[in-house]
Participant: 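One structure, as structure tokens, below. Some questions next.
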Amino acid sequence: MLNLTPRYTSTRIDELPAALQPFAAQSFTLARLYAGRGITAPDELETSLSGLLPAEALHGVTEAVRLLDLAIDERQRILIVGDFDCDGATSTALMMRALTKMGAVVDFLVPDRFKYGYGLTPEIVELGIETFQPDMIVTVDNGISSHEGVARAQADGITVIITDHHLTTKETPPAEAVVNPNQLGCDFASKALVGVGVAFYVLGRLAKLRREAGKSTVQVSQYLDLVALGTIADVGVLDKNNRILVHHGLSAIRQGRCCMGILALLEQAGRDPKQLHAQDFGFVLGPRINAAGRMDNMRIGIECLLTEDWSTAQRLAQELEQLNRTRRHVEGEMRAQADSIVQALANKDDSDESVSGDSDNNASNDDTITQAISTAKASNAGARSIILYQDDWHQGVIGIVAGRLKESHYLPSIVFAPADTEQTDEDSAIKGSARSIAGVHIRDAIEQVAERYPDLISHFGGHAMAAGLTLKRRNFEAFVTAFNEVMAQIDDEVFAEQKFTDGPLQAGDFSLWFAEHLADASIWGHGFAPPIFDGVFEVLSFKILKDKHLKLSLRYPDVQYPIEAICFNFDNEAWDYRAKQVHLLFQLDINEWNGKQSLQLMVKDLAVVEHG
């Protein structure tokens, strides 16, 4: 049997929170799902825009809005400085669309990650001055750590407004206004807003101020398609506030009330907007927008979200599609190399020491490779992190590779690449992207290293689950050791992956109706986990597809028809051909084939219970 952790253990209606018991009359399974996600009252599930937290609670928003209102009236030149990921792209597009409609003189600039790196750096400010001569700079999805950039702008008399959501434990930069729910001294009840969510709040407040004053304004809620896309793509925690924002953005796209760029991207992906789900923002739209910032320049992605011309939207979406294919190819090669390095080091070293050095045991057979896997052990906890670097790795996809390593090994993973592939000597900068597991706050862990060893890390920033950092190539192994020391202080159980389940389904839940109802019952995602169930099934038949997918036909008690299930990328050598009963961890899915729909279980884990 699988070793699973139930999200909710009660099995009777009268054990549910009283406010959820009416839900149980319609669907006990759905009521249990809500209870397992901490919902105790129906109003926590409301989706009305009136349920959003008030903007006034955002520290700094009043001053930011006053300055923006004045800038619009005085025809000041406003420059939006964004970020090169999907959150930054949607934030920039949102600011451009809304401010333009309000009558602002506005343009945007996004740092090229390969030339300038992240944030409002002095170099970006100088490029902005040279290109646009702005009177005001507004950052979106960055700026909370940009003390030097703010000083550079102010030295030229430029007003700076920072809108950001990244964590900081340092003093806020002395910009004219700073709006960030995670800045010190901000009491906004939700810390989960992403960059585009913060931008939405600022613009919504500005629009209201101008409406009350009888000035040119706009209904900012018409841009919730952008807010929904950025929120899911940036893996924002889906608290009630974010679920409301995503719900309305998703509804708008399903009805075709969205920017042409999103419709063109969906066309490229062969997806029907009417059938879109929240997860599609992260798996379908997000990667295509992100591909611009990863492989080229995010301007392509932002222009796709800004254009009002359908043929232009299609052309830009096609460019993004091609960039995404290139990204997949580069990522695939890097993942193969990373996996072979991890495997080689695991085979080579069984001690408690960090391992790093030169090796040619990788997919590219380059002469010089520097890599390490941190293998600090506490009791029998095993490896505590994966930290890798290679001279020819691509900076644009290190975050994705780190995420894949984290998923496959369930360890905090940091992947580094050269800041400039032409410069790989010991004093050259290397950039790392980190992804973490529950219980390891990756940004804080990196900050601990920076505090203990002030000379190791040049820059860093991020969240609990994802972060970025820069250091000199010569400091790589010292960083591995130092990060290892921080990981060694964390309890063993954090590194043992917990697999959660929402328990068994009732026989009547194995239906197309329930699968559809479940998909639309809430906005599911990070912080409001998609439903996942388990159960013991009788195996009627099986097939191995393309040597790597396991397809099962199953029987479940009191269900009168066979249930189809698919397990992608299954190790077919691990399959017991005599299996009669299996314990599955699965999600409900709808399979569409030749215009027909059928229920399908997406198997996430499997154990054989009984052999023939």
Side-chain angles (χ1 to χ4, degrees), residues 49-50 52-82 87-88 90-108 120 134-144 146 150 153-154 157-166 172-191 193-224 226-227 230-231 241-242 244-245:
L49 287 173
S50 62
L52 286 173
L53 294 166
E56 303 83 68
L58 268 172
H59 182 69
V61 74
T62 302
E63 183 61 10
V65 163
R66 185 187 72 79
L67 291 167
L68 280 165
D69 181 47
L70 189 66
I72 295 170
D73 291 347
E74 294 184 351
R75 305 290 292 166
Q76 293 178 25
R77 290 185 296 274
I78 303 171
L79 178 63
I80 310 301
V81 176
D87 186 17
T90 51
S91 304
T92 303
L94 174 62
M95 278 279 182
M96 289 296 298
R97 281 180 171 273
L99 289 176
T100 300
K101 283 283 175 70
M102 290 187 210
V105 180
V106 60
D107 215 315
F108 72 92
L120 187 70
D135 302 300
M136 171 183 282
I137 287 176
V138 181
T139 73
V140 288
D141 192 31
N142 75 91
I144 197 63
S146 301
V150 170
Q154 290 173 335
I158 298 169
T159 301
V160 181
I161 297 174
I162 290 172
T163 74
D164 199 355
H165 71 116
H166 290 91
T172 301
E176 277 71 15
V178 179
V179 187
N180 179 347
N182 289 301
Q183 70 178 304
L184 302 174
C186 184
D187 297 325
F188 191 69
S190 170
K191 304 300 180 184
L193 283 178
V194 300
V196 72
V198 177
F200 172 79
Y201 263 87
V202 171
L203 291 166
R205 188 78 180 137
L206 175 62
K208 182 182 178 186
L209 176 77
R210 293 182 65 79
R211 189 177 303 112
E212 289 171 350
K215 299 176 182 178
S216 55
T217 189
V218 69
Q219 190 68 38
V220 182
S221 59
Q222 70 182 278
Y223 305 121
L224 279 168
L226 296 170
V227 181
T231 298
N241 211 60
N242 274 344
I244 292 173
L245 293 172

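The structure displayed is predicted, hence computed values, not measured ones. Computed from heavy atoms alone, side chains included, the values below leave out hydrogens, waters and symmetry copies. Index from 1, following the sequence.
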Participant: How long is the gap from CE on Met102 to CG on Asp73, to the nearest 0.5 Å?
Facilitator: 11.5 Å
Participant: Among Arg211, Lys208, Arg205, Lys215, whose salt bridge (charged side-chain N to carboxylate O under 4.0 Å, His left out) with Asp69 holds?
Facilitator: Lys215
Participant: What is the minimum heavy-atom distance between Ala177 and Gly60, and which atoms define it?
Facilitator: CB-O, 4.2 Å
Participant: Which atoms form the tightest heavy-atom contact between Ser190 and Pro181, and what is the distance?
Facilitator: O-CB, 3.6 Å
Participant: Please report the interatomic distance NZ(Lys191) to CD(Gln183), rounded to the nearest 0.5 Å.
Facilitator: 8.5 Å
Participant: Are any non-hydrogen side-chain atoms of Phe108 and Val140 less than 4.5 angstrom apart?
Facilitator: no
Participant: For the residue pair Ala98 and Val218, what are the closest heavy atoms and their distance?
Facilitator: O-CG1, 3.9 Å
Participant: Given 3.5 Å as the limit, does a donor-acceptor pair link the side chain of Asp87 with the main chain of Val196, or not?
Facilitator: yes
Participant: Excluding sequence neighbours, so at least two apart, what forms side chain to side chain donor-acceptor pair (under 3.5 Å) with His59?
Facilitator: none
Participant: Which atoms form the tightest heavy-atom contact between Ala104 and Ile78, and what is the distance?
Facilitator: CB-CD1, 4.1 Å
Participant: Could you grab the distance from atom OG1 of Thr92 to atom CD1 of Ile80, nearest 0.5 Å is fine?
Facilitator: 7.5 Å
Participant: Please evaluate residues Thr172 and Asn180 with respect to the criterion side-chain contact (heavy atoms from CB on, under 4.5 Å), reporting the C-alpha separation (whole Å), side-chain torsions for both, the decisive distance (0.1 Å), and the verdict.
Facilitator: CA-CA 10 Å; Thr172 301; Asn180 179 347; over 6 Å; no
Participant: Using modelled atom types and a 3.5 Å cut-off, is there a donor and acceptor pairing between side-chain atoms of Glu176 and backbone atoms of Leu67?
Facilitator: no
Participant: Residues two or more places apart in sequence or in another chain: which of them pass ring pair (Phe, Tyr, Trp, His ring centres under 6.0 Å) with Tyr223?
Facilitator: none
Participant: Quick one: are Pro173 and Ile162 in side-chain contact, heavy atoms under 4.5 Å?
Facilitator: yes
Participant: Before giving the answer on side-chain contact (heavy atoms from CB on, under 4.5 Å), spell out for Val202 and Leu58 the whole-Å C-alpha distance, their side-chain angles and the decisive distance to 0.1 Å.
Facilitator: CA-CA 9 Å; Val202 171; Leu58 268 172; 5.6 Å; no
Participant: Under the ring pair (Phe, Tyr, Trp, His ring centres under 6.0 Å) rule, collect the residues that match up with Phe200, sequence neighbours excluded.
Facilitator: none
Participant: Heavy-atom distance under 4.5 Å between the side chains of Val61 and Tyr201, does that happen here?
Facilitator: no
Participant: Please check if the side chain of Thr159 supplies one atom and the backbone of Met136 the other of a donor-acceptor pair under 3.5 Å.
Facilitator: no
Participant: Where is the tightest heavy-atom contact between Leu79 and Pro134, given as atom of each residue plus distance?
Facilitator: CB-CB, 3.8 Å
Participant: Would you confirm whether Asp164, through its side chain, and Ile144, through its main-chain N or O, come within 3.5 Å as a donor-acceptor pair?
Facilitator: yes
Participant: Does a side-chain N-to-carboxylate-O contact under 4.0 Å join Asp135 and Arg75?
Facilitator: no
Participant: Can you tell me how far apart CG (Leu203) and CZ (Arg97) are? Round to the nearest 0.5 Å.
Facilitator: 13.0 Å
Participant: Indicate yes or no for a side-chain donor-acceptor contact from Asn241 to the backbone of Leu52 under 3.5 Å, with no hydrogens or angles considered.
Facilitator: no
Participant: Could you go through Leu68 and Leu209, starting from their C-alpha distance and side-chain angles, then the distance that decides it, and tell me whether this counts as side-chain contact (heavy atoms from CB on, under 4.5 Å)?
Facilitator: CA-CA 11 Å; Leu68 280 165; Leu209 176 77; over 6 Å; no
Participant: Less than 4.5 Å apart, side chain to side chain, heavy atoms only: is that true for Val106 and Met95?
Facilitator: no
Participant: Closest heavy-atom contact between Phe188 and Pro54?
Facilitator: CE1-O, 3.5 Å
Participant: Nearest 0.5 Å please: distance from the OG1 atom of Thr163 over to the CG atom of Asn142.
Facilitator: 8.0 Å
Participant: Just how far is it from atom CG of Asp107 to atom CG of Leu99, taken to the nearest 0.5 Å?
Facilitator: 12.0 Å
Participant: Quick check: do Asp141 and Thr90 have side-chain heavy atoms less than 4.5 Å from each other?
Facilitator: no
